[in-house]
There are 2 protein chains.
Amino acid sequence: MDSSEVRRAGRPRTSVLDRERILVAALRLLNSVGPEKFSMAALAGELGVKPPALYHHVKNKQALLVGMREVVNESIDVSGFGSLSWREAVERWARSYRAAFSAHPNAIALLATEPITGATRTLAMYECVVQGFLAAGWEASAVMGDMVALESFILGSALDVVAPDDMFDPGDAAAQTPGLAGVLAAQSALEGSRANHSFEVGLAIMIDGLARRNGVGM
Amino acid sequence: MDSSEVRRAGRPRTSVLDRERILVAALRLLNSVGPEKFSMAALAGELGVKPPALYHHVKNKQALLVGMREVVNESIDVSGFGSLSWREAVERWARSYRAAFSAHPNAIALLATEPITGATRTLAMYECVVQGFLAAGWEASAVMGDMVALESFILGSALDVVAPDDMFDPGDAAAQTPGLAGVLAAQSALEGSRANHSFEVGLAIMIDGLARRNGVGM
DNA sequence: ACCTGAACACCGTTCAAGT
DNA sequence: ACCTGAACACCGTTCAAGT
């Protein structure tokens, strides 16, 4: 996009691409055009390159998506574990986890379902969380189940961020769904966004419940 | 696939397709071949028809996915609301909700993120849930937030169903993640699947927490 | 090693032509 | 109204050819 120079075939004197530049540009593109129009061709165009050039740096589109997921995961904040209380650390982790995805709303659908097997940085993130649970007094056999339960809620909440605001709007069928219409009206009187409110309610419940079940920070 | 008859151009004497047949076949196909190989062409092939024929019954692929999501939603069980206690009804709803998606593991990634705006049958499902919350004593302004929080957890848990079992396996990096390796080993001694266990733990916590916050069924 | 250009099989979708 | 056949623009990906 920047340089309007024409590049002939053959290896350039200094390489124009690298994996990191590609991943960042891909995230930017996906977030701006949405999953439908996100293609290798569009990404190449954004980077001022022809599509086959990308394949020198990423194996294929699937691998590209996995890499993008890793970049998103890297902004998840686990710094609380080891310095703050379990409750404060896990709150920080959960909020930054959801925020990481909320920062790329159009990316959520594509990225949330990519398995992140074997990504070193991501495993390091889980290691911090696990250590935090253990240090707070968790039984080893309960850590994975409890962490995954919380993570499921966080990811589900991230998906909810992109749900259209009128998703529950009955429209002209409001007469058949009086309860729904009523609670929607009652809720719209509250301050703050719908999705944020649900997340905070659920997060408080999950953290309280987990702490209670494991006799932590009562 | 069944009839090896060749069909010439022109309207057939009795139509071979209808919306319901298409949606059911699409769900079957998506579930068996996975999201990558799920295409209009493949679906047409499965129905013994050429791809353009599908467009007489569904507007486009996006609309097809929305319709499929509706079919999945229809197997969610709201029969408990009105007959059972709030706690039992909401448990039945949550388990059948997750089961509906778990029945189509390959479909989850594609379907979970489709908005379901304006689907009459789906709105009817939410209406039952809302009525159940109201009947149990919920404040009108709290119903949507609480229901969506629970639903976020359920959807996140449905996504977790398809996560590969070795997702957290550190592999040769086990030395760097001793905590993770330890809790994985401790957990594998437990009976039942990893995903089911997390779901049941989280569900109990969410339902207890919601009941407690709203002074229900204590 | 790292780019372009040409090529491949395949996509979703439109539309005219048939009955 | 509902199917096929032909056509369109566009995919992801491979590979030879250039530097």
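Residue numbers start from 1 in every chain, and the chains themselves are labelled A, B, ... in the order their sequence lines are given, proteins ahead of strands.
- Comparing D:dG18, D:dT13, C:dT4 by their closest approach to the side chain of A:Lys61 singles out D:dT13.
- With rounding to whole Å, A:Lys59 atom NZ is found 13 Å from D:dT14 atom C1'.
- Across all non-hydrogen atoms, the minimal contact from B:Leu123 to A:Phe168 is CD2-O, 3.7 Å.
- Whole-Å rounding puts the B:Met40 CE to C:dC10 P distance at 18 Å.
- In this entry D:dC10 has no Watson-Crick or G-U wobble partner, no candidate having both defining distances under 3.5 Å.
- D:dC15: Watson-Crick or G-U partner is C:dG5, with both key distances under 3.5 Å.
- Contact between A:Arg7 and A:Val49 at its shortest, heavy atoms only, is NH2-CG2, 3.6 Å.
- With distances taken from any side-chain atom of A:Ser39 to the nucleotides D:dC2, C:dC2, D:dG12, the minimum falls on D:dG12.
- The base of D:dC2 is not paired with the side chain of B:His57 by any donor and acceptor separated by under 3.5 Å.
- Residue B:Arg7 places at least one side-chain N or O closer than 4.0 Å to OP1 or OP2 of D:dT4.
- When each of C:dT19, D:dT4, D:dT14 is scored by its nearest atom to the side-chain atoms of B:Arg11, the top-ranked nucleotide is C:dT19.
- Within a 6.0 Å sphere centred on CG of A:Asp172, heavy atoms belonging to other residues, nucleotides or ligands number 12 at most.
- For the atom pair CD (A:Glu114) and CD (A:Glu70), the distance works out to 11.0 Å, reported to the nearest 0.5 Å.
- If you take CG of B:Leu43 and P of C:dT13, they are 12 Å apart, rounded to a whole angstrom.
- Here the P atom of nucleotide D:dC2 and the CG atom of B:Asp18 are 10 Å apart, to the nearest Å.
- Atom pair A:Arg19:CZ and C:dC2:C1' shows a separation of 17 Å (rounding to whole Å applied).
- Side-chain proximity of A:Ala41 to D:dG12, D:dC2, C:dT19: nearest is D:dG12.
- Salt bridge annotation for A:Asp160-A:Arg194: present, with a cationic side-chain nitrogen under 4.0 angstrom from a carboxylate oxygen.
- Remark: C1' of C:dC11 and CG of B:Asn60 are 14 Å apart, rounded to the nearest angstrom.
- What separates NZ of A:Lys50 from P of C:dA7 is a distance of 16 Å, to the nearest Å.
- For the pair A:Leu54 CG and C:dA1 C1', the computed distance is 16 Å after rounding to whole Å.
- Nearer the 5' end of DNA chain C, as judged by each residue's closest nucleotide, is the contact made by A:Ala9, out of B:Ala9 and A:Ala9.
- Here the nucleotide nearest the side chain of B:Ser15, chosen from D:dG18, D:dG12, D:dC3, is D:dC3.
- Ranked by how close their nearest DNA chain C nucleotide is to the 5' end, B:Tyr55 and B:Pro12 are led by B:Tyr55.
- Residue A:Arg8 places none of its side-chain N or O atoms closer than 4.0 Å to OP1 or OP2 of D:dG18.
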